[in-house]
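Taking it in order: structure first as structure tokens, then the write-up.
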2 protein chains.
Amino acid sequence: MTTARSDTIAAQISRTLANRIIAGEIEAGAKLRQDHIAEEFGASHVPVREAFRRLESQGLVVSEPRRGVRVAGFSLDEVREVAEMRAALEALALRHAAPHLTRAILDQAEEANRTGDRAGDVQAWEEANRTFHRIILTPCGMPRLLKAIDDLHTASARFLFSGWRTEWETPTDRDHRAILDALRAGQAETAASVLARHVQTIGQKSPQ
Amino acid sequence: MTTARSDTIAAQISRTLANRIIAGEIEAGAKLRQDHIAEEFGASHVPVREAFRRLESQGLVVSEPRRGVRVAGFSLDEVREVAEMRAALEALALRHAAPHLTRAILDQAEEANRTGDRAGDVQAWEEANRTFHRIILTPCGMPRLLKAIDDLHTASARFLFSGWRTEWETPTDRDHRAILDALRAGQAETAASVLARHVQTIGQKSPQ
DNA sequence: TAGCGCAGAATTATAGATAATTTCGTTATT
DNA sequence: AATAACGAAATTATCTATAATTCTGCGCTA
């Protein structure tokens with residue numbers, strides 16, 4: 001949403017396209033033509049190509065040399081894969097973050113959780129959910145890990161917005177509270193396994 | 001090594017630079033100037049910029065808007081981070097690969113292990129080691145996970161070639177055999193935890 | 001002497017033009 | 001009627017040129 005105007009054009013295009021793909025405005029498998037996109041953004045195709053590379057590294061598009069890029073598909077298998085990766089990596093991050101979590105941070109997380117619970121639409125809920133996870137994981141101080149988790153989150157969001165999953169609020173809220181309780185009690189290992197199980201539930205609902 | 005001539009120039013440049021960074025020919029923190037590199041490769045700077053993006057997604061360089069790219073540093077912390085991520089993700093991959101592992105695949109892996117044991121230099125050893133891991137993990141059939149592991153492997157190789165670690169063969173060989181034994185016995189969970197521990201040892205030796 | 005600011009140089013980012021490759025529709029052949 | 005081959009149109013990849021930004025060294029001031 002907040003497309004910082006100071007960034008490079010390539011970064012702006014990348015963000016805009018990412019949002020569209022996540023929101024489902026561009027369907028999976030659709031070809032992205034650099035000239036058309038360049039024209040739409042009033043830019044040349046060079047920054048568009050750079051934007052494509054960024055999207056590729058996030059796993060939102062796939063690129064074949066000389067044959068263009070297309071929006072990455074997401075079968076149920078791929079959704080499960082992302083969920084499993086998230087579970088493994090977020091658990092790892094939480095184990096390392098736990099020693100650095102202060103009372104204030106946990107309160108922040110609880111606030112984010114409440115915000116999510118009050119959210120009216122999926123976008124707002126997803127925003128709050130991501131904030132919650134970020135707050136409790138960032139203190140691990142492992143930038144590469146956090147970047148990887150963030151990209152996986154994005155992929156998950158795509159799945160969420162696709163409407164495959166309608167009932168999200170309740171179990172999430174309960175899991176989040178359980179995680180916070182365990183962390184407050186100093187039981188990092190418990191918190192990590194609840195988190196892992198929690199994340200995996202995303203991949204367990206089939207499209208209906 | 002095998003720079004396929006049919007690929008795009010950007011891909012070739014990316015591969016060559018990646019090899020140099022891994023081999024330590026370009027030191028951490030060094031600035032990469034697009035014009036200079038373009039001149040060296042007899043190309044314009046456009047494909048060079050694309051190559052930079054690929055390297056960035058592999059974590060080999062870091063890029064700041066309008067300030068160029070520089071070779072990613074690797075402190076001991078970063079090495080540990082990569083090792084922990086590898087441990088988590090390779091264990092996950094192995095759990096999913098285990099049901100699909102055949103006798104033939106395990107024999108292949110054992111052969112790769114023997115090759116590594118006979119290797120004279122670090123490059124050959126690393127090559128065999130990567131092959132071993134790839135053979136037992138690929139059957140998991142999770143492309144995104146495998147790509148992530150591969151990039152982490154590359155980062156590890158960089159550490160290895162930097163000479164921080166001189167004594168690598170013996171414990172690796174033993175661990176690899178233990179993993180194969182567990183897999184042959186159908187004990188996937190045991191194999192996964194040995195693998196996780198094995199990978200983490202990479203980050204445990206300090207620079208001397 | 002230390003710090004500030006201002007050219008000039010170097011470098012990154014984008015635009016516009018060109019070459020190379022793929023895609024797709026049409027025609028010819030069996 | 002189905003298929004193979006050809007050619008035009010579309011598209012990707014690259015090059016050259018230009019604009020915008022950052023870096024650097026030097027002189028000036030306090």
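Here is the naming used below: chain letters follow the sequence lines, and residue numbers restart at 1 for every chain.
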Under 4.0 Å from OP1 or OP2 of [N]: is there any side-chain N or O of [X] that close?
{"X": "A:R66", "N": "C:dT22", "value": "no"}
{"X": "A:R49", "N": "D:dA13", "value": "yes"}
{"X": "A:R67", "N": "C:dT23", "value": "yes"}

Inset, instruction - Given salt bridge (charged side-chain N to carboxylate O under 4.0 Å, His left out), test B:R144 with A:E78 step by step and report yes or no. - result: CA-CA 8 Å; B:R144 184 167 188 150; A:E78 293 176 72; over 6 Å; no
Legend entry - Atom CD of B:E39 with >12 non-hydrogen neighbours under 6.0 angstrom: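 No, because the 6.0 Å sphere around CD of B:E39 holds 12 heavy atoms or fewer from other groups.
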Grab the [atom1]-[atom2] distance between [X] and [N] for me, whole Å please.
{"X": "B:E64", "N": "C:dA13", "atom1": "CD", "atom2": "P", "answer": "11 Å"}
{"X": "B:R70", "N": "D:dT22", "atom1": "CZ", "atom2": "P", "answer": "15 Å"}
{"X": "A:R53", "N": "D:dT14", "atom1": "CZ", "atom2": "C1'", "answer": "13 Å"}
{"X": "A:I13", "N": "C:dA13", "atom1": "CD1", "atom2": "C1'", "answer": "12 Å"}
{"X": "B:F41", "N": "D:dA13", "atom1": "CZ", "atom2": "P", "answer": "19 Å"}
{"X": "B:I37", "N": "D:dC15", "atom1": "CD1", "atom2": "P", "answer": "15 Å"}
{"X": "A:R54", "N": "C:dA13", "atom1": "CZ", "atom2": "C1'", "answer": "11 Å"}
{"X": "A:D7", "N": "D:dA20", "atom1": "CG", "atom2": "P", "answer": "18 Å"}

[X] side-chain proximity, nearest of [options]:
{"X": "A:R33", "options": "C:dA13, D:dT11, D:dC15", "answer": "D:dT11"}
{"X": "B:D35", "options": "C:dT12, D:dT16, D:dT12", "answer": "C:dT12"}
{"X": "B:S44", "options": "D:dT12, D:dC15, C:dT14", "answer": "D:dC15"}

Inset, instruction - Could you tell me whether A:L32 contacts a base, only the sugar-phosphate backbone, or nothing, with contacts defined as non-hydrogen atoms closer than 4.0 Å? - result: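 A:L32: backbone/sugar contact only, no base atoms under 4.0 Å.
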Inset, instruction - Return one dot-bracket line describing DNA chain C 5' to 3' (Watson-Crick or G-U wobble pairs, both distances under 3.5 Å; ( ) same strand, [ ] crossing, | another strand, . none). - result: ||||||||||||||||||||||||||||||
Inset, instruction - Could you tell me whether the side chain of B:H45 has a donor or acceptor atom within less than 3.5 Å of a complementary atom in the base of C:dT14? - result: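 Check passes, donor-acceptor contact within cut-off.
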Legend entry - Donor-acceptor side-chain pairing of B:R130 and B:T154 below 3.5 angstrom: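 There is such a pair between these side chains.
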Inset, instruction - Hey, can you tell me if A:F132 and A:H176 have their rings parallel, tilted or perpendicular (30° and 60° cut-offs)? - result: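 Ring orientation of A:F132 relative to A:H176: parallel.
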Inset, instruction - Determine the interplanar angle of the B:H198 and B:H133 rings, folded into 0 to 90°, and report it as parallel if under 30°, tilted if 30 to 60°, perpendicular if over 60°. - result: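 Plane angle under 30°, so parallel.
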Inset, instruction - Find which nucleotide of DNA chain D each of A:F52 and A:V46 is nearest to by heavy atoms, and output the residue with the more 5' nucleotide. - result: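 The residue mapped nearer the 5' terminus is A:F52.
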Legend entry - 5' priority, DNA chain C, between A:P47 and B:H36 [closest heavy atom]: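 Nearest nucleotide further toward 5': that of B:H36.
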Legend entry - Closest approach of A:G73 to A:A28 (non-hydrogen atoms, all atoms of both residues):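 Reported closest heavy-atom pair: CA-CB, 3.8 Å.
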Legend entry - For A:K31, side-chain hydrogen bond (donor to acceptor under 3.5 Å, both in side chains) partners two or more places apart: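 A:K31 satisfies side-chain hydrogen bond (donor to acceptor under 3.5 Å, both in side chains) with no other residue.
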Legend entry - Verdict with reasoning, B:I26 to B:L32, per side chain to side chain contact (heavy atoms under 4.5 Å, CB included): CA-CA 9 Å; B:I26 318 177; B:L32 297 180; 4.2 Å; yes
